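Everything numeric in this text was worked out from a predicted model, so none of it was measured. To find a chain, count down the sequence lines: A is the first, B the second, and so on, and within it residues start at 1.
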Amino acid sequence: MLSRKYKLKRDNDFKRVFRQGRYYQEDFIKLKILENNLKINRFAFVVGLKISKKAVKRNKIRRQLDVVSQQEFDRIKPGFDIIVLPSPEILGKDYQVIKKTLINLFKKAKILWDS
RNA sequence: UAAGACAUAAAAAGUGGUGGGGGGGAGGAAAGUCCGGGCACCCCAAGAUUUAAUCUUGGUCCUGACAGUGGAUAACGUCCACCGUUCGUGAGAAUAGGGAAAGUGCCACAGAGACAAUGUUUCUUUGUUUUAGGGGUAAUCUCCUAAAAUGGGGUAAAAGUGAAAAGUGAGGGCCUAAGAAUCCUCUCUCCGAUGGGAGACCAAUCGGAGUGGUAAACCCUGUCUGGUGCAAGAGCAAACCCCCCACCACUUUUUUUAAAAAGUGGUGGGGGGUAAAAGUAGCUCGCUUGAGUUCAACGGCAACGUUGGACCUAGAUAGAUGACUAUCACCCCGCAGUACUGCGGGGGACAGAACCCGGCUUAUUACUUGCUUGGGUU
RNA sequence: GGAAGAGUCGGAUAAUGGUUAUUCCAACGGAUUGCUAAUCCGUGACCCUUUUGGGUCUUGCGGGUUCGAAUCCCGCCUCUUCCG
């Protein structure tokens with residue numbers, strides 16, 4: 001799990017990213033990104049009631065997205081606020097598919113170091 | 001449109017942050033939010049102290065809920081035991097199970113009539129009219145008999161309508177034109193007395209009554225129930241407003257200047273108030289030790305209770321267990337051999353605390369044990 | 001976390017406990033027309049039938065009360081709204 005230091009928390013931050021951030025989408029995941037003038041990245045995973053009414057399923061999706069971000073943490077350039085928005089089609093998708101899709105999105109947003 | 005990033009001499013203590021290590025971390029339903037209770041604040045009433053206010057005790061009426069009896073419990077619409085009813089060959093299973101003789105409403109269509117009602121067909125009695133026959137009379141007319149039409153009265157059984165039909169059903173006697181009411185015997189239901197039981201109720205005898213259904217229609221009787229809910233509520237810091245004190249700056253007045261007074265603004269300190277703000281939009285408390293979990297003994301048919309020992313078992317706040325690999329335990333299947341082992345394959349559901357408990361309801365995996373009934377076989 | 005409300009044909013919308021559940025729009029079929037539009041008539045679903053027609057199930061789902069439930073009662077499901 002990502003440390004709490006790298007989590008986006010304040011409502012003002014969310015509003016700013018949603019209003020001014022860049023937008024990317026691939027399949028069943030959407031992304032909002034904005035530079036934050038900090039030396040670290042901050043993530044947020046928004047899994048609403050529309051995705052599933054079962055708390056277990058929502059928590060699991062959130063954790064899976066969290067783990068992908070943690071594994072790719074070192075490859076991502078610092079200084080961004082990133083909001084990850086899955087859509088209801090994510091339900092039942094395999095972990096490897098989710099991981100691939102999210103990494104592709106990071107590439108699209110051009111926040112990965114060239115490797 | 002921001003402050004978390006970043007920056008700040010040393011030491012000690014405290015606090016906080018970061019990194020590392022160790023330990024702990026969901027349920028039988030955590031769910032639905034359908035009931036009940038604790039807890040908190042507010043409302044009303046009474047009483048005490050009495051300036052405000054505080055403390056103590058209580059919750060009438062309305063509304064709503066519940067409804068066999070006895071018990072369990074903090075309480076319940078829950079649980080246990082028993083009674084009645086219904087179903088089943090049976091072991092058993094189900095059961096919102098007070099009152100229709102307090103009153104009101106409703107009972108479509110059909111039917112005479114849906115509650116002190118009605119008279120259709122049939123039967124019977126009587127009046128009137130007409131016709132036919134007979135008797136009496138000179139005749140009108142009158143009497144008797146029969147038939148038809150029509151009006152009034154009585155009417156058991158049967159037919160018919162409907163979910164339901166006048167009210168327990170059957171037999172006999174009396175009476176009558178035929179009947180009913182009434183009387184006798186048996187039977188059914190309800191009520192009362194006697195007997196058994198703690199009671200609901202049960203068995204028999206005696207006495208009395210017998211005037212449909214519906215209260216998950218209004219209602220009556222009995223019992224319980226004030227309202228809002230941890231987004232309850234309490235405190236601190238910061239913000240804003242007011243007042244006081246100190247210092248600084250500026251302006252005005254008095255004054256020869258110095259200085260003093262007043263006003264405005266700022267900084268610091270003190271006091272009072274405001275909005276108030278939320279499971280977290282600053283922090284703390286409430287917040288997890290509680291009608292707690294577990295073991296034993298005793299009491300009780302049981303639900304449960306009493307006593308003693310042991311244990312501490314989530315308290316987050318963008319919100320807690322994820323991915324892959326290996327190994328071990330459990331269950332199932334197959335193969336191999338001596339009751340066990342080895343190899344291979346498969347499986348673990350429903351689902352995640354948010355103040356805390358007791359229930360109900362719903363979702364759902366795998367397995368185990370005991371008792372009993374019916375059938376088959378021996 | 002807490003508090004309210006709703007569910008009737010594809011979409012809207014009626015219905016004192018009482019025939020076979022109403023109306024409008026849409027869709028489909030037919031009539032009318034040389035062809036359309038408009039107008040008129042019919043159509044809930046499934047099964048059997050060449051048609052006429054017949055049977056069964058129907059007011060989110062499952063029970064109950066009642067002679068009889070869209071309606072009354074109980075338990076679920078789904079959806080919507082609100083809470084400084």
Side-chain angles (χ1 to χ4, degrees):
Chain A
M1 295 290 287
L2 283 169
S3 166
R4 286 178 50 74
K5 189 177 173 182
Y6 304 113
K7 290 285 183 69
L8 199 59
K9 290 177 188 173
R10 296 189 177 256
D11 198 47
N12 279 340
D13 294 333
F14 275 86
K15 280 178 181 165
R16 200 178 68 245
V17 174
F18 274 115
R19 202 174 299 137
Q20 304 176 3
R22 289 177 281 145
Y23 173 78
Y24 302 95
Q25 180 177 5
E26 176 154 342
D27 285 352
F28 46 82
I29 299 182
K30 300 163 188 167
L31 215 62
K32 273 275 188 181
I33 292 186
L34 186 68
E35 293 84 354
N36 61 359
N37 297 333
L38 304 182
K39 293 184 179 175
I40 58 164
N41 287 318
R42 294 184 302 182
F43 291 87
F45 309 96
V46 180
V47 185
L49 270 176
K50 282 185 180 175
I51 286 174
S52 172
K53 302 199 74 168
K54 310 281 188 186
V56 173
K57 294 180 179 175
R58 277 185 275 122
N59 280 342
K60 181 162 183 178
I61 288 166
R62 187 154 41 218
R63 285 194 297 264
Q64 286 176 334
L65 292 171
D66 202 306
V67 164
V68 175
S69 304
Q70 190 187 16
Q71 288 174 348
E72 303 299 314
F73 192 77
D74 293 334
R75 294 174 59 196
I76 301 173
K77 301 176 188 172
F80 294 99
D81 284 342
I82 300 168
I83 300 179
V84 181
L85 298 154
S87 58
E89 292 94 69
I90 200 171
L91 265 181
K93 290 281 194 300
D94 192 68
Y95 168 75
Q96 297 300 337
V97 176
I98 294 172
K99 184 174 180 180
K100 207 170 158 186
T101 307
L102 191 55
I103 292 176
N104 278 342
L105 266 176
F106 287 154
K107 281 180 188 165
K108 261 191 187 178
K110 298 176 181 169
I111 54 170
L112 294 181
W113 294 114
D114 296 329
S115 57

For A:Asp27, all residues meeting side chain to side chain donor-acceptor pair (under 3.5 Å), sequence neighbours excluded: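 In terms of side chain to side chain donor-acceptor pair (under 3.5 Å), with neighbours along the sequence ignored, A:Asp27 is linked to no residue.
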
Can you name the side chain to side chain donor-acceptor pair (under 3.5 Å) partners of A:Arg62, sequence neighbours left out?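 A:Asn59.
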
At how many degrees, to 10°, do the end axes of the helix from B:rC123-B:rG154 to B:rG136-B:rC141 meet when each uses five pairs?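 The end axes of the helix from B:rC123-B:rG154 to B:rG136-B:rC141 are about 0° apart, to the nearest 10°.
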
Pairs: protein N or O with nucleotides 347-352 of chain B N or O, under 3.5 Å:
{"residue": "B:rA351", "atom": "OP1", "partner": "A:Lys54", "partner atom": "NZ", "Å": "3.1"}
{"residue": "B:rA351", "atom": "O5'", "partner": "A:Lys54", "partner atom": "NZ", "Å": "3.4"}
{"residue": "B:rG352", "atom": "OP2", "partner": "A:Ala55", "partner atom": "N", "Å": "3.3"}
{"residue": "B:rG352", "atom": "OP2", "partner": "A:Val56", "partner atom": "N", "Å": "3.2"}

If you measure from the P atom in B:rG59 to the same atom in B:rC39, how many Å do you get, rounded?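 15 Å, rounded to whole Å.
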
With C1' as the reference atom in both, quote the distance from B:rA329 to B:rC287 in angstrom, rounded to an integer.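 My reading of the C1' atoms in B:rA329 and B:rC287 gives 38 Å.
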
Any heavy-atom pair between the side chains of A:Phe45 and A:Ser69 that's under 4.5 Å?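 Yes, side chains in contact.
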
Please check this pair: side chain of A:Ser87 against backbone of A:Phe28, looking for a donor-acceptor N/O pair closer than 3.5 Å.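 Yes; judged by distance alone, with no hydrogens or angles, the pair exists.
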
Base partner of [N], which must satisfy Watson-Crick or wobble distances under 3.5 Å:
{"N": "B:rC55", "value": "B:rG47"}
{"N": "B:rA81", "value": "B:rU69"}
{"N": "B:rA178", "value": "none"}

Under the rule syn = chi within 90° of 0, otherwise anti, which is [N]?
{"N": "B:rG290", "result": "anti"}
{"N": "B:rU288", "result": "syn"}
{"N": "B:rA26", "result": "syn"}
{"N": "B:rU126", "result": "anti"}

Apply side chain to side chain contact (heavy atoms under 4.5 Å, CB included) to A:Lys30 and list each qualifying residue two or more places apart in sequence or on a separate chain.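 Applying side chain to side chain contact (heavy atoms under 4.5 Å, CB included) to A:Lys30 gives A:Tyr23, A:Gln25, A:Leu85.
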
Which pairs, with at least one residue in residues 97-109 of chain A and sequence neighbours excluded, count as a salt bridge (Lys or Arg N to Asp or Glu O under 4.0 Å)?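 Pairs touching residues 97-109 of chain A that pass the test: A:Glu26-A:Lys108.
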
